[in-house]
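In this chain, residues are counted from 1 in sequence order. Keep in mind that this is a model prediction, so the values were computed, not measured.
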Amino acid sequence: MASTAASMVNLAVTQVGYKEGANNYNRYAEECPGLQVDWAIYGPWCQSFISWLAWKTGNRDVIPTTASCSVCTDYYKQRGAFNRTPRVGSLAMFGSDGGVHVELVIGVFNGGRDIEVVGGNTRDYPAPNGDGVYRKTYRDWASTTRIHGFGHPTYSGAGVVTDRGSASGKYKIKAGQTLSGIAAILGVTLASLLAANPQISNPDDVHEDQEITVPAKPAEKPKPPAKEPDKPSPTPTAPDSQTATGTYTVRSGDSLSAIARAHGMSLARLLALNPSITDPDVIAAGQVLKVAGSPRPAPVSSAGDNGGGKTPTPKPKPKPDSTKPASPDWTERFDRIDRELREVKDELSKIKDRITDKPNPEKPKPVEPPAPVKPTKPVPPVPVPPEVSKPTDIPVVPQQIIPTPEVKSAA
């Protein structure tokens, strides 16, 4: 299988809806050679999901087989293939050093400010970690510090990205999508997508469930207008000049559609005049573009006006996604919670270190005085009864009295 971004994207979309089992069990580590160990099968598995995609699509030579986001981030940094410019097929690395979470970029739109991703071990925006494979969109991703940057695998080709939920030749727009984002997902240029849908008068005004025609194959690199057959203009503007009449230097915050309106030309014509633009969603401040027509004092947005004849209030820089519902600002709340949790964790760690290194001896408990001994009354001695003479068994011999003879004295 060819090493392409499309093969990764197409397979990732089919896995949306998978849910992990008990104790973080996931099939991706278990099925991926090199990761078939308990700590990967029953542990965080966002990177295991990416490694599984790479093995299944033949991209393992450009994506490391690992269950560690830190290893993956270092892999691309060491090869000079890591920056903050998203592309279809790039790996979005989360965390202050890119070692917390990873998701696959499947769409880039709104001048690179918004991205669509598919990730494992995650859940709905904004939380990065969760219980399954989800498909979601990050609007103005650079405003959050959670995305550290993007690792760029050296795919051999871009390929054609298809959406598994659409019919052949048709695509049903989902909530929050733009034409430029859809073009990136389908692997076609925005100019060819506009040419295939002449009914779209304003490329910035599309809505959910609207069905559009998908070009049969990726369009060729745009050629100079003089060599191209005439195509119906996708915008209700005056016919464009066939050649460039001037140049325009891109400023920060510009988009191709806004530049085209500002010069009174169609977006398809602007792309045709600048064939060096291979990705219509990625332009850089300071880039010089060829334009036809004179710049207008202020661009006029027709978003939300379906031909009623009313001219909306001019805006300095209309944003392509002005018709989209604003997303809740969960990012700032989530980052604040993260910071508070880290502070609490650090404080608990310091307390634990103090207890371990310098134990605080307990204060000696006061010695209780011995209970006073109650005086006891002297016990009178037990009277000893007088010894009673006992009769003896010795027989008494009667004394014989012998008369003494009377001695007379001599006179």
Side-chain angles (χ1 to χ4, degrees), residues 108-113 178-184 186 188-206 212-213 215 218-307 309 311-323:
V108 180
F109 48 97
N110 195 15
R113 290 188 293 271
T178 63
L179 283 184
S180 58
I182 294 170
L186 298 175
V188 299
T189 65
L190 184 57
S192 65
L193 189 60
L194 288 170
N197 294 274
Q199 78 280 8
I200 299 178
S201 59
N202 182 358
D204 295 327
D205 186 15
V206 293
I212 59 175
T213 300
E220 296 286 336
K221 196 173 183 178
K223 298 179 181 180
K227 298 180 182 180
E228 287 185 344
D230 291 333
K231 296 179 181 179
S233 174
T235 55
T237 58
D240 296 323
S241 172
Q242 296 298 313
T243 58
T245 59
T247 60
Y248 176 81
T249 302
V250 178
R251 293 174 294 180
S252 178
D254 279 347
S255 66
L256 287 181
S257 58
I259 295 172
R261 285 196 300 272
H263 289 81
M265 58 190 298
S266 69
L267 183 56
R269 180 62 64 205
L270 180 60
L271 290 169
L273 290 176
N274 296 272
S276 61
I277 300 177
T278 57
D279 188 344
D281 292 320
V282 179
I283 55 176
Q287 184 177 353
V288 178
L289 305 178
K290 294 180 181 180
V291 295
S294 302
R296 297 178 179 178
V300 178
S301 173
S302 60
D305 183 5
N306 297 322
T311 303
T313 304
K315 298 179 180 179
K317 293 181 182 178
K319 297 182 179 180
D321 297 325
S322 60
T323 59

Peer 1: CD1 of I200 to CD1 of I212: how many Å apart, nearest 0.5 Å?
Peer 2: 5.5 Å
Peer 1: If you apply the rule side-chain contact (heavy atoms from CB on, under 4.5 Å), what do you find for V250 with L289, and how did you get there?
Peer 2: CA-CA 7 Å; V250 178; L289 305 178; 3.7 Å; yes
Peer 1: Can I277 and L270 be said to form a side-chain contact (heavy atoms from CB on, under 4.5 Å), step by step?
Peer 2: CA-CA 10 Å; I277 300 177; L270 180 60; over 6 Å; no
Peer 1: From L273 CG over to T247 OG1, what is the distance, rounded to the nearest 0.5 angstrom?
Peer 2: 12.0 Å
Peer 1: CD1 of I259 to CD of Q287: how many Å apart, nearest 0.5 Å?
Peer 2: 8.5 Å
Peer 1: If you measure from CG on L256 to CD1 on I283, what distance do you get to the nearest 0.5 Å?
Peer 2: 4.5 Å
Peer 1: Would I182 and V206 count as a side-chain contact (heavy atoms from CB on, under 4.5 Å) if you check the C-alpha gap in whole Å, the side-chain angles of each, and the deciding distance to 0.1 Å?
Peer 2: CA-CA 11 Å; I182 294 170; V206 293; 5.8 Å; no
Peer 1: State, to 0.1 Å, how close A285 and S252 come at their nearest heavy-atom pair, and which atoms those are.
Peer 2: CB-N, 4.0 Å
